[in-house]
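As the structure is a prediction and not an experimental result, all values here were calculated from the model. Every chain is numbered from 1, with letters handed out A, B, ... down the list of sequences.
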Amino acid sequence: QKEVEQNSGPLSVPEGAIASLNCTYSDRGSQSFFWYRQYSGKSPELIMSIYSNGDKEDGRFTAQLNKASQYVSLLIRDSQPSDSATYLCAVRPGSARQLTFGSGTQLTVLP
Amino acid sequence: DTGVSQNPRHKITKRGQNVTFRCDPISEHNRLYWYRQTLGQGPEFLTYFQNEAQLEKSRLLSDRFSAERPKGSFSTLEIQRTEQGDSAMYLCASSFGQGEGAFFGQGTRLTVV
């Protein structure tokens with residue numbers, strides 16, 4: 001079992017819709033969770049962090065964490081074509097100093 | 001620009017040659033990470049520094065790879081006797097606190113021919 005799992009997609013949504021991206025992780029001791037956006041040919045960009053159960057909102061982005069289910073999600077409201085990118089879920093396992101990344105979900109927002 | 005800076009941006013080398021990459025982290029960040037990313041995959045952890053101390057190395061890291069961070073500032077990643085399988089994007093990231101997310105540089109794309 002991979003430490004961090006994401007559906008690779010591709011996920012396509014129409015402009016203005018809500019895009020929902022999901023991630024599961026294996027280490028129950030994980031305390032820090034992050035979402036990164038990566039445009040083709042570019043490096044990952046940190047867009048959200050979440051540390052406690054529940055929802056965290058930042059503009060059009062909402063991160064959701066459920067530690068009991070070992071599940072993290074990212075919602076993008078009012079999706080725009082500029083949101084088309086690969087979204088990487090990253091987790092800091094309980095005993096580790098580094099982040100462990102999923103393989104990413106490719107999102108396409110259709111105009 | 002106060003972000004993480006990596007040089008060079010691109011490197012093409014012949015198999016068997018040595019290459020060295022440089023990373024300048026965000027100035028107040030004491031934690032520095034090296035990752036490697038291949039097409040369709042997420043970044044894969046290579047090594048971690050806190051200040052000048054190298055505290056973590058991936059078990060997957062070959063003996064041909066070495067990294068340094070003298071004086072806890074910039075860092076270098078050297079690959080000796082490069083192989084075609086080393087072709088990838090090498091990413092450097094830095095963070096201030098252990099619980100915080102890491103900020104990535106633009107990456108160095110290595111092509112071994």
Side-chain angles (χ1 to χ4, degrees), chain A residues 2-10 21-27 29-52 56 58 61 63 65 72 74 85-107, chain B residues 1 3-7 9-10 21 23 25-26 29-51 53-61 67 69 88-111:
Chain A
K2 286 187 178 180
E3 292 185 61
V4 180
E5 295 210 47
Q6 298 181 251
N7 291 328
S8 60
L21 304 160
N22 305 315
C23 171
T24 58
Y25 60 94
S26 60
D27 188 328
S30 299
Q31 297 294 326
S32 308
F33 307 87
F34 307 91
W35 284 98
Y36 286 79
R37 178 176 61 199
Q38 187 172 28
Y39 293 113
S40 180
K42 303 296 186 183
S43 61
E45 174 191 8
L46 178 63
I47 57 173
M48 288 289 288
S49 59
I50 188 165
Y51 303 97
S52 54
K56 179 181 178 183
D58 184 0
F61 298 99
L65 174 61
V72 192
L74 179 70
T86 295
Y87 288 82
L88 297 161
C89 174
V91 175
R92 182 172 277 111
S95 61
R97 298 177 174 94
Q98 71 274 11
L99 297 178
T100 299
F101 286 82
S103 56
T105 298
Q106 185 180 344
L107 172 67
Chain B
D1 187 350
V4 179
S5 178
Q6 291 188 245
N7 286 288
R9 297 289 303 278
H10 303 274
F21 309 141
C23 171
I26 294 171
H29 287 183
N30 60 354
R31 291 168 166 84
L32 186 146
Y33 312 80
W34 285 99
Y35 285 83
R36 175 173 64 190
Q37 188 177 27
T38 53
L39 196 62
Q41 300 299 313
E44 174 190 35
F45 171 71
L46 294 178
T47 191
Y48 161 75
F49 290 85
Q50 185 169 329
N51 299 312
Q54 186 175 21
L55 299 183
E56 293 279 352
K57 280 180 67 172
S58 168
R59 290 188 299 274
L60 302 175
L61 202 61
R69 192 183 182 196
M89 174 78 87
Y90 289 82
L91 295 162
C92 176
S94 68
S95 69
F96 179 70
Q98 180 167 328
E100 296 185 4
F103 294 86
F104 283 88
Q106 319 94 310
T108 295
R109 183 168 297 283
L110 173 66
T111 303

statement: Heavy-atom closest pair (A:Leu88 atom, B:Gly42 atom, distance to 0.1 Å) is CD2-CA, 4.0 Å
task: Looking only at non-hydrogen atoms, find the nearest pair between B:Gln106 and A:Ser43 and report the distance.
output: CA-OG, 3.8 Å
query: What part of B:Gln37 gets closer than 4.5 Å to chain A, counting heavy atoms only: side chain, backbone, both or neither?
result: side chain
message: Using a 6.0 Å cut-off, check whether atom CG of A:Asn22 has over 12 heavy atoms from anything other than its own residue.
response: yes
- prompt: Under 6.0 Å from the OH atom of A:Tyr51, do we count more than 12 heavy atoms belonging to anything else shown?
  reply: yes
- request: Return the option, out of B:Leu55, B:Thr47, B:Leu39, with the maximum number of heavy-atom pairs under 4.5 Å with chain A.
  value: B:Leu55
- prompt: Mind checking whether A:Thr100 and B:Phe45 have side chains closer than 4.5 Å, heavy atoms only?
  reply: no
message: Can you tell me which portion of A:Phe33 sits under 4.5 Å from chain B's heavy atoms? Options are side chain, backbone, both or neither.
response: neither
message: Counting only non-hydrogen atoms closer than 4.5 Å, does A:Glu45 touch chain B with its backbone (N, CA, C, O), its side chain (CB onward), both, or neither?
response: neither
message: Assess the residue pair A:Gln98 and B:Glu56 against the criterion (side-chain contact (heavy atoms from CB on, under 4.5 Å)); give the C-alpha distance rounded to whole Å, side-chain angles, the decisive distance to 0.1 Å, and a yes or no.
response: CA-CA 8 Å; A:Gln98 71 274 11; B:Glu56 293 279 352; 4.1 Å; yes
- request: Please flag which part of A:Ala90 lies under 4.5 Å from any non-hydrogen atom of chain B: side chain, backbone, both or neither.
  value: neither
task: Just give me the residue among B:Ala102, B:Ser95, B:Ala93, B:Gly107 that pairs up with chain A most often, heavy atom to heavy atom, under 4.5 Å.
output: B:Ala102
Among the listed options A:Ser32, A:Pro44, A:Cys89, A:Ser49, the residue most often paired with chain B at heavy-atom distances under 4.5 Å: A:Pro44
query: What distance do A:Leu99 atom CG and B:Phe104 atom CZ have between them, rounded to the nearest 0.5 Å?
result: 7.0 Å
- line: On a heavy-atom basis, the closest approach of B:Tyr33 and A:Arg92 is OH-NH2, 3.5 Å
- prompt: Which distance, rounded to the nearest 0.5 Å, do you find between the CD of B:Gln50 and the CZ of A:Arg97?
  reply: 7.0 Å
